[in-house]
Structures are given as structure tokens and as C-alpha cells.
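See structure below.
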Amino acid sequence: MNLFTDFENRIKNALETIDLVKEKRSEVDFDRLTVEPPRDQSHGDVATNAAMVLAKPLGTSPRALADVIAGALKSDPDITEVSVAGPGFINIRLSKGYWQRLLSAMLQQGTGYGRSQVGAGRKANVEYVSANPTGPMHVGHCRGAVVGDALANLMGFAGYEVTKEYYINDAGSQIDVLARSVFLRYREALGEDVGAIPSGLYPGDYLVPVGQALAEEYGTRLHNMPDEDWMPIVKEKAIDAMMAMIREDLEALNVHHDVFFSERTLHVNGAQRIRTAINDLTFKGHVYRGTLPPPKGQLPEDWEDREQTLFRSTEVGDDIDRPLIKSDGSYTYFAADVAYFKDKYDRGYDEMIYVLGADHGGYVKRLEALARAVSEGKVKLTVLLCQLVKLYRNGEPVKMSKRSGDFITLREVVDEVGSDSVRFMMLYRKSSEPLDFDFAKVTEQSKDNPVFYVQYAHARCMSVFRQAREAFPDMDTDSLDLAGAASLIEDPAELQLVGKLAEFPRIIEAAALAQEPHRLAFYIYDLASFFHAHWNKGKEQPELRFINDKNRELSVARLGLVRAVASVLQSGLAITGTAAPEEMR
RNA sequence: GGUCCCAUAGCUCAGCAGGAUAGAGCGCAGGAUUCCUAAUCCUGAGGCCGAUGGUUCGAAUCCAUCUGGGAUCACCA
């Protein structure tokens, strides 16, 4: 039950009864009509812009129309007051009974409250992380990992059928470099003094155990093989080891993918799947052989004008056509992406979401072009660009260089500050906004971290139930008819809390449609704030406290309110991927 | 030079597919604990929403231009 869609329907029904609307029914549409919580609570519980939106097509003034609409709404028994304000807003105040029934309905739905069908079962694929399997995940991967994971959770809650996917870039030259780096560690493990790791290879210690494992398994046999023979063996081993490490890192951050898709599988059998995908594009008329204009701005020194196989992406919205096959006959990275996209398309997704770092901004247009060309406009592809995270320690920026192996890993951050803190920090900001992540702030002053604030609210809810069992030793708090007791909730402060809970479904839908999980993080913070405020009112006004050992009925009703708050907090925290603790001491 | 993101309180940021008097946290000043965990709450000070035009009954929000920050530009992956 969604208060706002409920009243949207009621307002539209009321409009249909108005003569002026009936007369010009074909000329007006209700699309721009909104029903929302007023900015200022003193205005009422629900506000609509109906009169302002419809006045013009109906040839009347907003205030006059508002009065008529207000009159039509007055007969609704759940509405206690309708007023017209400002330029023509209609403010509606709801009856106690309505709030009580709303609370009752929330409790009946339990943890299902807030679930939505706006996704309408559409199949969505959210691809995120997709870190190269050449080393442990570093802190830069954090944000995309968390945002992607939370977005997928959110969309699932909003009625999409979601697949969480990881694209393993296990083909290409960086894997050759990885293999050579591991091979060096292998020789080292055999006792050879390899000296310093040459530049151009990955110097990290994390490759040492991989080399040792190879030494144990193969002894000196690899050493005596020509490159082309040991290469595939070492690659295989290295990729498996790196992916195992990455999966552990993801696990530590509470990120779980459904599908790990290997780029290599596109290249097997003479790159059969890439060829098929390019053929498909060719068949649809998007491929030609030709040359590209030289890059604008600084001309690279080794620029040569060569004929290549190109994707005519400019016809589907791109700035420049994109090469599919290099002049040496091998496929570009993008060619593999074409095949990968086609694979997803063939798996039947209606929506594809790529969560990428801001440094991949230049890739967006060609992906969109690709989606248009392959799916002929049927697939909705969106790229969520996460701006970069700047890391600070004690106020000083932390410098990182992957080349020197001197970087902070995701694991280090999670181990130091905890997965909940990291996740909430990453979500407590619009993803298109750069983010400063200060270790000192998140660890030493952990009270400042908003996740604790929300979790504390949940722990307090649980504490109320513990208190109830103490006050009423014979009470079985698990089997109470909380929904049935909601009619005793009538204090304005309590109803206000119900009003906040009523916003939850609306937030879920808006956040899912806008693909902005941060909105949910802000909402549960806000809800926690309402709850803390109400809790503290019990100090000044003991009659407002949840547990009243002289009034069992009222206590049960208020337990219902607490249950509803806890339930929404749980749902919200679950979507952000953070814990809802029973207590925090 | 092209493209993308950003500019809102001293600092860090929200602002819901244009709406009423622009919000929160931190910091600052003051207050609340014989009472369900004070990891909480309450009160106050603090703003020309980067600039200029435009669309509209109405703009922090949409459009254009400009300024100032960040990212990116390839037969790389």
C-alpha cells in the first residue's frame, strides 16, 4: 500500500467527477499531476499540483480550479481537511484512521513492505566491478562495487529480475604481462635470483605464492619449455589465483555476483563468438572497411592512416566510428565487448546497466551505440559513472601507484574500517559526485559515520522488544497481533513517524527508476533521525514511551510501530548491504 | 581542442522527473541523562544556490553561453 499512489488515484477519480473536466476530458491528461509529501509539514500530509497543471488546458485559473477539486475531495472519509494554498496547491490532511490502517497494512506485509512492481519483472543485468584479474582489488574499485551491488539489490526490491554480473578481462596483453610476472616468481621459487622485478611487469608480492604453487606442481619443467608452451599453463594458473583472490575481496565487502563472465570464452575456437557478433553487426549494416580521421588535438607520433574494419557507430549516436579489427588482423577490446553485449542480449535482458569508474567516461557513447545497433533500440542501456574516490589519511592525500605495487587494497580498507562503514560511506553520496574518503574520519571518529546512526536506531528498536519482555514476562513478542492493535496509535508524534514510513515505497520506486541508490541511504538515515527524535520525546513526556507497564494494550500497539520502523530499517540496510544489529554496545 | 561529471551554509554534501519560507551532518554558541543504550535529542547563529541570458504562472532544478574544478581522448585493456 503506497499512500501517494493511493491518493493519486483518489484525486484522479475526484477529477473525473468535475463537470469542467468531463467537458474537456479529451484535451487534458493527468501525466504531469504529482502527489507528494509537502515540503513543510504544517501544510498537511499530502499535496498535489493538480490545479496548477490542469488550469491552463481547462481555461481557468489555478486557484479557482483548486477550490473545485478541493470540494470534490471533501467527501472522502479519510480526508479531514483540504486547503488551497500558494499558487494553487491542494493540501490534504488525513484522518487518524487512515494512518492507523496504513500502519496495520505495513505490519501485515512485514519485511515485504516497500517492495514494488515498478520493475514489472523486466530482466535487468547489472555489470559491476569487472576488475582486471591481474592483482588484488584496490580501493578504487570499492565505489563501483558497492554502488553496483546496492543498485542491483534495490532494483530487485523494486520488481526487476536482476542478474549481478562480473566481466572478467582475462584476455589481452595485460594477461600476458601477468603471466610473465608470475613466471618470474616461479623461477624465483625454484631458487633463481631474479633480482628486482623489471619495470613493465607486476611487482606485487601477491604473485609469489602463485609462482611457488607452479614450482611445486611442475618443478623445473616449465622452465625448459618455449614461451608458447608455458604461457597458457601459467596464464590459466595466474588467472585462477587472481580471481580467487578477488572473490575473497568481494566477499569481505559483502558483494556477491551471480555470473562471472570470462572474456576468454569469446576468443576460443578462433574467436568464433566475436566473429559471429561482428557478422551479426555486418548483417545489420553497421560494419565497413575504411579509415578513421586522425585523432584531434595532439597527433600521436606513430599515427598512420590505415584501412580497418570499423563499426559505423556514428550512425547510432557515437562521435566517431570504432575499430573492430586491428590492422594486424586481431580483434580490438571493443570487438569482444560487441560479442559480450550480444551474449547478454541473447540471454534476454531488457535493461543493461554498466557501473564504471569516471575514467571510463569516454567509453559510454560507444556502448550506447552498440546497444542501439545490436538490439535495434530494444534494450535500455545505461552507464552509471562513479566519480573517483580520493583517499585521505590524517587529512593528507594518499598517493598510489599501481606500477610500483604501492597501492592500498580494498581488503586493507575493509579490514581497517569494516565493510558496513565502507559500504555506507560509498552510498552516502550521489555517485556522480567525487568522494573524499578519510580513514581517520571513518575509523577514529566512527560516531560520525552515518551507518552507525542508522544501525543504532535499529538496535534501539530491538531493545524496546527486550524491554517489553521484561515489563510483561508472560508476553510472547513474536506472536502478537501488532497489525490488529494499530488503532491505538494516535499521538501526533507517532502518526508523524507513520508518515515517514509511508514514504518508503515511494523512495524505493523513485530511487530504482533513477538508478540512484544513494537516495535510499539518505532515506533510512532520515527515518532513523525521526525515530531517535521520537525516542527522546519519551524523556520529557513519559506517556509517549513505547512501553507502559500499566497499559498492556497500548504497549502492544506501540510495539507495532517499533516493529514497522525496524522492518523498514532492515529492508533498507539489507539493500545497502549492511547489517541490522540487534544491539550495539 | 572534443566529450562527460561537478559548482548550494565556514567544511562535507542532500534537494525527490520545475512548485510554497532552500535542508542535513560536521564545526561554532547554549541546553537535555533519578526516565526504554547520551553511538541519542533540543535550541541558536550561519545562504545573491558559480555568472549572464532564455523557456514557464513559477527555476537551485530545464535550455544556451561563460567562468572555475575533475575525468577522458589510442589499432591500449
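Every chain is numbered from 1, with letters handed out A, B, ... down the list of sequences.
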Q.
Let's test your reading of the model: under 3.5 Å, does the base of B:U40 pair with the side chain of A:Asn536 as donor and acceptor?
A. yes
Q.
So, OP1 or OP2 of B:U3: does either fall under 4.0 Å of a side-chain N or O from A:Lys365?
A. no
Q) Quantified in whole Å, what is the P atom distance between nucleotide B:C6 and nucleotide B:C75? A) 29 Å
Q: Round to a whole Å and report the spacing from CE of A:Met426 to P of B:A14.
A: 14 Å
Q) Between A:Tyr525 and B:C13, is there a side-chain N or O to OP1/OP2 distance below 4.0 Å? A) no
Q: Check the angle between the aromatic planes of A:Tyr525 and A:Tyr453 and answer parallel, tilted or perpendicular using the 30° and 60° thresholds.
A: parallel
Q) Under 4.0 Å between a Lys/Arg side-chain N and an Asp/Glu carboxylate O for A:Arg264 and A:Asp170? A) yes
Q) Pairs in or reaching into residues 522-543 of chain A: which pass salt bridge (charged side-chain N to carboxylate O under 4.0 Å, His left out), with residues at least two apart or in two chains? A) A:Lys500-A:Asp526
Q.
Any base atoms under 4.0 Å from A:Pro434, or only sugar-phosphate, or nothing? Heavy atoms, all strands.
A. sugar-phosphate
Q: Mind calculating the distance between CZ (A:Arg32) and C1' (B:G58) to the nearest angstrom?
A: 11 Å
Q.
Ring-plane angle category for A:His141 and A:His138, please: parallel below 30°, perpendicular beyond 60°, tilted otherwise.
A. tilted
Q) Distance between the C1' atoms of B:C28 and B:G50, in whole angstroms? A) 26 Å
Q.
For the residue pair A:Arg322 and A:Phe334, would you count it as a cation-pi contact if the rule is NZ or CZ under 6.0 angstrom from the ring centre and within 45 degrees of the ring axis?
A. no
Q. Can you tell me which stems RNA chain B forms when a stem means 3 or more consecutive Watson-Crick or G-U pairs under 3.5 Å?
A. B:1-7 with B:67-73, B:10-13 with B:23-26, B:28-32 with B:40-44, B:50-54 with B:62-66
Q) Is the shortest side-chain N/O distance from A:Gln467 to OP1 or OP2 of B:U37 below 4.0 Å? A) yes
Q) What nucleic acid atoms does A:Ala459 come within less than 4.0 Å of, heavy atoms only: base, sugar-phosphate, or nothing? A) base
Q. Using atom P of each nucleotide, how far apart are B:C62 and B:A17 to the nearest Å?
A. 11 Å
**Q.** B:A51 and B:A39, which share atom name P, separated by this distance in whole Å
**A.** 42 Å
Q: Go through B:A20, B:C13, B:U56 for me and flag the one nearest to the A:Phe522 side chain.
A: B:C13
Q. Ignoring hydrogens and angles, does a donor from either the side chain of A:Ser327 or the base of B:C75 sit under 3.5 Å from an acceptor on the other?
A. yes
Q: Provide the distance between the two P atoms, one in B:A22 and one in B:G46, to the nearest whole Å.
A: 14 Å
**Q.** A:Ile547 CD1 to B:C36 C1', straight-line distance once rounded to whole Å
**A.** 7 Å
Q | Salt bridge present between A:Glu503 and A:Arg506 (N-O < 4.0 angstrom) | A | no
Q.
Check this one for me: any side-chain N or O of A:Arg519 less than 4.0 Å away from OP1 or OP2 of B:C16?
A. no
(Q) Counting only side-chain heavy atoms from C-beta out, which of B:C36, B:A7, B:A38 sits nearest to A:Arg460? (A) B:A38
**Q.** Closest listed nucleotide, where the reference is the side chain of A:Arg366 and the choices are B:U3, B:A39, B:A74
**A.** B:A74
Q: Can you tell me, in whole Å, how much space there is between the C1' of B:A20 and that of B:G58?
A: 10 Å
Q | Proximity to the side chain of A:Arg429 - top-ranked nucleotide from B:A71, B:U3, B:C13 | A | B:C13
Q | Sugar-phosphate only, base, or nothing, as touched by A:Glu583 at under 4.0 Å among non-hydrogen atoms | A | base
Q.
Using a heavy-atom cut-off of 4.0 Å across all strands, would you classify A:Leu513 as base, sugar-phosphate, or nothing?
A. nothing
**Q.** Distance-only donor-acceptor test, A:Asn91 side-chain atoms vs B:A20 base atoms, 3.5 Å
**A.** yes
Q) Say you pick atom P in B:A7 and the same atom in B:C16; how far apart are they, in whole Å? A) 12 Å
(Q) Can you confirm if the NZ or CZ of A:Arg563 lies within 45° of the ring axis of A:Phe465 and under 6.0 Å from the centre of its six-membered ring? (A) yes
Q | Distance, rounded to the nearest Å, where A:Asp337 contributes CG and B:A74 contributes P | A | 15 Å
Q. Which nucleotide in the set B:A71, B:A77, B:U37 lies at the smallest distance from any side-chain heavy atom of A:Trp535?
A. B:U37
Q. Whole Å only: how far is the CD atom of A:Glu470 from the P atom of B:U37?
A. 9 Å
Q | A:Asp40, nearest nucleotide to its side chain (from B:U21, B:A77, B:A60) | A | B:U21
**Q.** First encountered from the 5' end of RNA chain B, between A:Ala533 and A:Asn49
**A.** A:Asn49
**Q.** Whole-Å distance separating the CD atom of A:Glu36 from the P atom of B:A20
**A.** 9 Å
**Q.** side chain to side chain contact (heavy atoms under 4.5 Å, CB included) evaluation trace for A:Arg469 with A:Met475
**A.** CA-CA 6 Å; A:Arg469 285 188 287 270; A:Met475 184 184 275; 5.7 Å; no
Q. Looking at B:A71, B:C13, B:A39, which one has an atom nearest to any side-chain atom of A:Glu433?
A. B:C13
Q | Counterpart residues, side-chain contact (heavy atoms from CB on, under 4.5 Å), relative to A:His534 (two or more places apart) | A | A:Ala493, A:Glu494, A:Leu497, A:Phe546
Q. Which word best sums up how the rings of A:Tyr340 and A:Tyr167 line up, parallel for under 30°, tilted for 30 to 60°, or perpendicular for over 60°?
A. parallel
(Q) Closest-nucleotide mapping onto RNA chain B: is A:Met52 or A:Ile325 further toward the 5' terminus? I mean the 5' end. (A) A:Met52
Q) What nucleotide, of B:C6, B:U72, B:C75, holds the atom closest to the side chain of A:Ser432? A) B:C6
Q. Does A:Arg466 pair with A:Glu470 as a salt bridge, N-O distance under 4.0 Å?
A. no
Q. Is any side-chain nitrogen or oxygen of A:Lys430 closer than 4.0 Å to OP1 or OP2 of B:C16?
A. no
Q: Report yes if at least one side-chain N or O of A:Lys537 is closer than 4.0 Å to OP1 or OP2 of B:C42; otherwise report no.
A: no
Q: Quickly work out the A:Arg39 CZ to B:U61 C1' distance and round it to whole Å.
A: 10 Å
Q) Any side-chain N or O of A:His360 less than 4.0 Å from the OP1 or OP2 oxygen of B:C73? A) no
**Q.** A:Leu435 CG - B:A71 C1' separation (whole Å)
**A.** 15 Å
Q) For B:U37, does OP1 or OP2 lie under 4.0 Å from any side-chain N or O of A:Ser463? A) yes
Q: Taking only the side-chain heavy atoms of A:Lys326 (C-beta and beyond), determine which of B:C76, B:C13, B:C16 contains the nearest atom.
A: B:C76
Q: Assign A:Ala510 to base, sugar-phosphate, or nothing according to its heavy-atom contacts below 4.0 angstrom with the strands shown.
A: sugar-phosphate
Q. With rounding to whole Å, what would you report as the distance between B:A9 and B:G2 at their C1' atoms?
A. 36 Å
(Q) Which heavy atom of A:Ile90 sits nearest to which heavy atom of A:Ala51, and what is that distance? (A) CD1-CB, 4.3 Å
**Q.** Closest listed nucleotide, where the reference is the side chain of A:Ala47 and the choices are B:C76, B:G15, B:A20
**A.** B:A20
